[in-house]
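The structure appears below as structure tokens.
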Amino acid sequence: MTGRSGIITLLTDFGYQDEYVGVMKGVILRRFAAASIIDLSHGIAPQHIEQAAAVLENAYRYFPEKTVHLTVVDPGVGTGRHILLLEAFNHFFIAPDNGILTAFLHVPENIKALYRLNLMEDPAVSSTFHGRDIMAPVAAKLAAGAEMEDMGKPVAPSSCVAVAVSRPVIEQHQLRGEVTGIDHFGNIITSISASDLSRLREPFKIEIGNFQMEKIHRSYGEVASFSLVALINSRGMLEIARNMGNAAQYVDCRVGDPVAVRLLPEKAG
């Protein structure tokens with residue numbers, strides 16, 4: 001098992017109602033019984049490529065180097081879309097070529113190897129479950145020490161699919177961003193980072209829908225129960241939450257809705 005951690009992370013939009021996640025684990029363990037399989041998340045919104053990309057980008061670095069990260073959020077399964085094998089930042093990634101790996105492909109100097117998986121016609125392969133029949137076996141092989149060059153052909157990052165990354169618009173007196181995700185607790189994740197906020201002078205107000213907040217707090221419990229709170233989350237992004245409640249339901253917001261941070265009038269001159 002040279003050059004591998006033996007760890008495989010799984011990130012999917014499968015949920016737990018069906019057998020899909022368990023079956024993928026079984027396929028991996030049949031081929032590499034020593035694998036340590038970690039469920040990163042199976043709660044990605046169905047077919048939500050951007051959400052999967054963000055979760056993967058923020059999570060991979062907390063695992064030992066040479067971990068294999070398998071992501072199956074694949075609305076194009078069974079079509080002509082490709083599957084990528086990537087080695088970058090001393091980790092291995094397997095994912096459909098649909099934009100999930102955008103953040104890694106945008107930093108080509110950190111890419112050690114990038115291959116397009118060889119897909120051979122096989123009547124035993126389901127056209128709707130490549131995660132089980134194609135990607136899980138490849139993850140097992142990689143984790144056990146197989147070389148990527150034996151499973152695919154080199155490909156240039158520029159030829160791979162990328163998704164648009166939401167970036168805030170920074171103007172003289174405001175930041176304009178958007179909601180990029182809503183987590184299990186109903187916390188609202190935005191495209192505005194702590195670094196972006198540092199470019200505005202305080203005091204400022206944060207606006208989402210018909211709601212406003214005028215302070216960045218350090219924790220949820222710094223405000224009264226059921227009050228909205230703005231803070232910098234563990235990803236370093238501006239988050240809007242509701243202490244002991246669901247902010248997204250309370251605000252009635254969705255991914256893509258606008259969020260603004262504006263200087264208060266007395267500081268705008």
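- When all heavy atoms of Ser191 and Pro168 are compared, the pair lying nearest together is O-CD, 3.3 Å.
- Legend: residues meeting side chain to side chain contact (heavy atoms under 4.5 Å, CB included) with Asp13, ordered by chain and number and at least two apart, are Ile44, Gln47, Val73.
- When the salt bridge (charged side-chain N to carboxylate O under 4.0 Å, His left out) test is applied to Arg132, no partner is found at least two apart in sequence or on another chain.
- Rounding to the nearest 0.5 angstrom, the gap separating the SG atom in Cys160 from the CG atom in Leu84 is 4.5 Å.
- Considering only heavy atoms from C-beta on, Leu197 comes within 4.5 Å of Ile232 through its side chain.
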Does the pair Leu86 and Met148 meet the rule for a side chain to side chain contact (heavy atoms under 4.5 Å, CB included), with working shown?
CA-CA 8 Å; Leu86 170 67; Met148 294 192 330; 5.9 Å; no
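- In this structure, Ile111 and Pro157 have side chains that are in contact, with non-hydrogen atoms separated by less than 4.5 Å.
- Side chains of Leu228 and Val251 form a contact here, defined as non-hydrogen atoms less than 4.5 Å apart.
- Within a 6.0 Å radius of CG in Asp18, other residues, nucleotides and ligands contribute more than 12 heavy atoms.
- Under the ring-ring contact (aromatic ring centres under 6.0 Å, His included) criterion, Phe226 pairs with no residue at all, not counting sequence neighbours.
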Could you give me the CA-CA distance, side-chain angles and deciding distance for Ser195 and Ser193, then say whether side chain to side chain donor-acceptor pair (under 3.5 Å) is met?
CA-CA 5 Å; Ser195 177; Ser193 69; 4.6 Å; no
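- In this structure, CD1 on Ile188 lies 11.0 Å from CZ on Arg242, to the nearest 0.5 angstrom.
- The OG atom of Ser5 sits 11.5 Å away from the CG atom of Asn90 when rounded to the nearest 0.5 Å.
- By the neighbour-count criterion of 12 heavy atoms within 6.0 Å, atom OH of Tyr16 is densely surrounded, having more than that number from other residues, nucleotides or ligands.
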Residues Leu175, Arg199; criterion side chain to side chain contact (heavy atoms under 4.5 Å, CB included); working and verdict
CA-CA 9 Å; Leu175 285 167; Arg199 299 176 65 176; 5.9 Å; no
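- Contacts of Lys215 classified as side chain to side chain contact (heavy atoms under 4.5 Å, CB included), with partners at least two apart in sequence or in another chain: His217.
- Under the ring pair (Phe, Tyr, Trp, His ring centres under 6.0 Å) criterion, the residue pairs touching residues 193-214 are Phe211-Tyr250, with sequence neighbours excluded.
- Atom CD1 of residue Ile182 and atom SG of residue Cys253 lie 4.5 Å apart, to the nearest 0.5 angstrom.
- For Leu114 against Ala156, the heavy-atom pair with the smallest separation is CD2-C, 4.0 Å.
- In this view, Glu87 and Lys66, Lys112 satisfy the salt bridge (charged side-chain N to carboxylate O under 4.0 Å, His left out) rule, not counting sequence neighbours.
- Counting all heavy atoms, side chain and backbone alike, His48 lies closest to Val255 at NE2-CG1, 4.3 Å.
- Judged by distance alone, with hydrogens and angles left aside, the side-chain atoms of Gln212 form no donor-acceptor pair with the main-chain N or O of Ile208 at under 3.5 Å.
- With Asp252 contributing its side chain and Gln249 its backbone, the two residues share no donor-acceptor pair below 3.5 Å.
- Among residues two or more places apart in sequence or in another chain, the side-chain hydrogen bond (donor to acceptor under 3.5 Å, both in side chains) test is passed with Asp74 by Arg81.
- Taking the charged nitrogens against the carboxylate oxygens, Lys25 and Asp39 do have a contact shorter than 4.0 Å, which makes a salt bridge.
- Applying the ring pair (Phe, Tyr, Trp, His ring centres under 6.0 Å) test to residues at least two apart or on different chains, the pairs with a partner in residues 90-117 are Tyr60-His91, Tyr60-Phe93, Tyr60-Phe104, His69-His91, His69-Phe93, Phe93-Phe104.
- The line from CG of Leu238 to OG1 of Thr190 is 4.0 Å long, rounded to the nearest 0.5 Å.
- The closest side-chain heavy-atom distance from Pro75 to Asn98 is below 4.5 Å.
- Taking Arg235 as the reference, nothing meets the salt bridge (charged side-chain N to carboxylate O under 4.0 Å, His left out) condition, with sequence neighbours excluded.
- Counting heavy atoms from C-beta outward, Leu264 and Glu214 have side chains that approach closer than 4.5 Å.
- Remark: side-chain polar atoms of Asn246 are paired, donor with acceptor, to backbone N or O of Ala248 under 3.5 angstrom.
- In this structure the side chain of Leu11 reaches within 4.5 angstrom of the side chain of Val55, judged on heavy atoms.
- Within 6.0 Å of atom OH in Tyr20, 12 or fewer heavy atoms from other residues, nucleotides or ligands are found, so the atom counts as exposed in its surroundings.
- Scored by the side chain to side chain contact (heavy atoms under 4.5 Å, CB included) test, Thr12 finds Phe14, Val21, His42, Val72 as partners (sequence neighbours excluded).
- Under a 3.5 Å cut-off, the side chain of Arg4 and the backbone N or O of Ala146 do form a donor-acceptor pair.
- Looking at Leu10 and Leu40, their side chains never come closer than 4.5 Å, going by heavy atoms from C-beta outward.
- Annotation for Arg116 and Ser159: closest pair NH2-OG, 3.7 Å, computed over non-hydrogen atoms.
- For the ring-ring contact (aromatic ring centres under 6.0 Å, His included) test, no residue two or more places apart in sequence or in another chain qualifies with His130.
- With rounding to the nearest 0.5 angstrom, the OG1 atom of Thr9 is 10.5 Å from the CD1 atom of Ile37.
- Smallest separation of non-hydrogen atoms from Phe129 and Val77: N-CG2, 4.1 Å.
- Among residues two or more places apart in sequence or in another chain, the side chain to side chain contact (heavy atoms under 4.5 Å, CB included) test is passed with Pro258 by none.
- Counting all heavy atoms, side chain and backbone alike, Gln51 lies closest to Ala45 at OE1-N, 2.8 Å.
- Counting heavy atoms from C-beta outward, Met237 and Ile192 have side chains that stay 4.5 Å or more apart.
- Judged purely by atom type and a 3.5 angstrom limit, Asn243 uses its side chain to pair as donor or acceptor with the backbone of Val223.
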